[in-house]
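Order of the sequence lines sets the chain letters (A, B, ...), proteins ahead of strands, with each chain counted from 1.
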Protein chains: 2
Amino acid sequence: MLDSVDAAIVRELQNDARISNKDLASKVNLAPSTCLERVRSLKARGVLRGFHADVDLGSLGRPLLAFIAVRIRPHTREVVDPFIAYTLKLPETVALSHVAGPDDFLVQVAVRDAAHLQRLLLDGFTSRREVAHLQTHLIFSHVHKWATEPYGPYGLE
Amino acid sequence: MLDSVDAAIVRELQNDARISNKDLASKVNLAPSTCLERVRSLKARGVLRGFHADVDLGSLGRPLLAFIAVRIRPHTREVVDPFIAYTLKLPETVALSHVAGPDDFLVQVAVRDAAHLQRLLLDGFTSRREVAHLQTHLIFSHVHKWATEPYGPYGLE
DNA sequence: AATGAAAATACATAATG
DNA sequence: CATTATGTATTTTCATT
């Protein structure tokens, strides 16, 4: 359960995680000491899970993004869990979703170029016995909305 | 072009964007003053694009995630650009990818429950004239790997 | 829960090697 | 780029409300 002050703190930290506690306090109309307590509590309650730099992937030598839709067979825990662990260990993997539907997983990857993507597909995915089907969607552009607002009054959840 | 020190700074800030400059400097074996300069330069060069809190969406009243694959028609700039602007304004939208393939867009949304998702699909998407086809993939689980490592030596890019 | 004040840290900058 | 020095600002704790 978030009150309106918590919601304001969460909003500000979604937009700028490196804001100083003093400036944050001033934005949400709290004394710095109170603000610090609120932030600690939000972390302790698991509302704030972490703080991360958003990095230009091109600068990291990975300018090309793609989704890889993967069907695995059999779709049992014995196969699913190791597949997830394996995929998350790949340095190309940026995000992994286990989804409902014809496809089982959507893997978002960041690579240097098309040749790198091809190698990843062949050596990293189709070579695995549990991978039954692959479909690749090149990403022309990708926008992440870093700040999600609470649903309902103040996210009474 | 990142050297190994830049790469280390970027890695640390991807893992913890709220680390103090002093602690960051110590982790990457720099003097604080030098470290501060490095971080500023990385921001100025666009390598570090921003810093964001990772928030538990359930706590915001949005525990259900889905991908919505959208085909729009015609796929012209006159239609594409307003569609992107519209979709990014929806409070349910978390991320939007313009992709190659049969589907034109993958929209990641966060909603309260299945009823909310249904309303979003009907009122937010299928009601629009340019939306030719929709396919929804419920997300069972989603993992974002916040730290992407450079490709090659130090991401010589 | 929130506050203000004190004590401990950290930041920002400049000068020097 | 590291170190040092300096003044300023922030963070953090804690007694009080």
Practice task
Mind checking B/Ala31 for me? I need base, sugar-phosphate or nothing, with any heavy atom below 4.0 Å counting as a touch.
Solution key: base
Completion exercise
Taken to the nearest whole Å, CD1/B/Ile19 to C1'/C/dT9 is 15 Å
Problem - Lys/Arg-Asp/Glu bridge criterion (N-O < 4.0 Å) met for B/Asp81, B/Arg77 - result: yes
Handout entry: N or O in side chain of A/Thr34 less than 4.0 angstrom from C/dT3 OP1/OP2
Key = yes
Handout entry: Whole-Å distance separating the CG atom of B/Leu30 from the P atom of D/dC1
Key = 7 Å
Handout entry: Interatomic distance, B/Asn21 CG vs D/dA9 C1' [rounded to whole Å]
Key = 14 Å
Problem - Parallel, tilted or perpendicular: rings of B/His75 and B/His98 (30°, 60°) - result: tilted
Handout entry: Integer-rounded Å distance: C/dA2 P and A/Asp6 CG
Key = 9 Å
Problem - Separation of atom CG in A/Asp3 from atom P in C/dA2, rounded to whole Å - result: 7 Å
Practice task
Taking the side chain as every heavy atom from C-beta outward, state whether A/His142 and A/Gln108 have any atom pair closer than 4.5 Å.
Solution key: yes
Exercise for the section: Check whether any side-chain heavy atom of B/Val131 lies under 4.5 Å from a side-chain heavy atom of B/Phe105, and answer yes or no. Expected result: no
Handout entry: Nearest-angstrom distance from the residue atom CD of B/Glu37 to C1' of D/dC1
Key = 11 Å
Practice task
Nearest whole angstrom, please: distance from the P of C/dG4 to the NZ of A/Lys22.
Solution key: 14 Å
Exercise for the section: Indicate whether OP1 or OP2 belonging to C/dC11 is found under 4.0 Å from a side-chain N or O atom of A/Arg18. Expected result: no
Problem - Beyond-backbone contact of B/Arg38 with B/Leu30, side-chain heavy atoms, under 4.5 angstrom - result: yes
Problem - Aromatic ring pairing B/Trp146/A/Trp146, orientation class (parallel under 30°, perpendicular over 60°, tilted between) - result: tilted
Handout entry: D/dT10 phosphate, OP1 or OP2, under 4.0 Å from A/Ser20 side-chain N/O
Key = no
Exercise for the section: Would you indicate, yes or no, if D/dT12 has its OP1 or OP2 atom less than 4.0 angstrom from a side-chain nitrogen or oxygen of A/Arg40? Expected result: no
Handout entry: Residues B/Lys27 and B/Asp16 bridged, charged N to O under 4.0 Å
Key = no
Practice task
Work out how much the helix from C/dA1-D/dT17 to C/dG17-D/dC1 bends between its end axes, five pairs an end, to the nearest 10 degrees.
Solution key: 30°
Practice task
Rounded off to whole Å, could you give me the CG-to-C1' distance for the B/Asn29 and D/dT3 pair?
Solution key: 16 Å
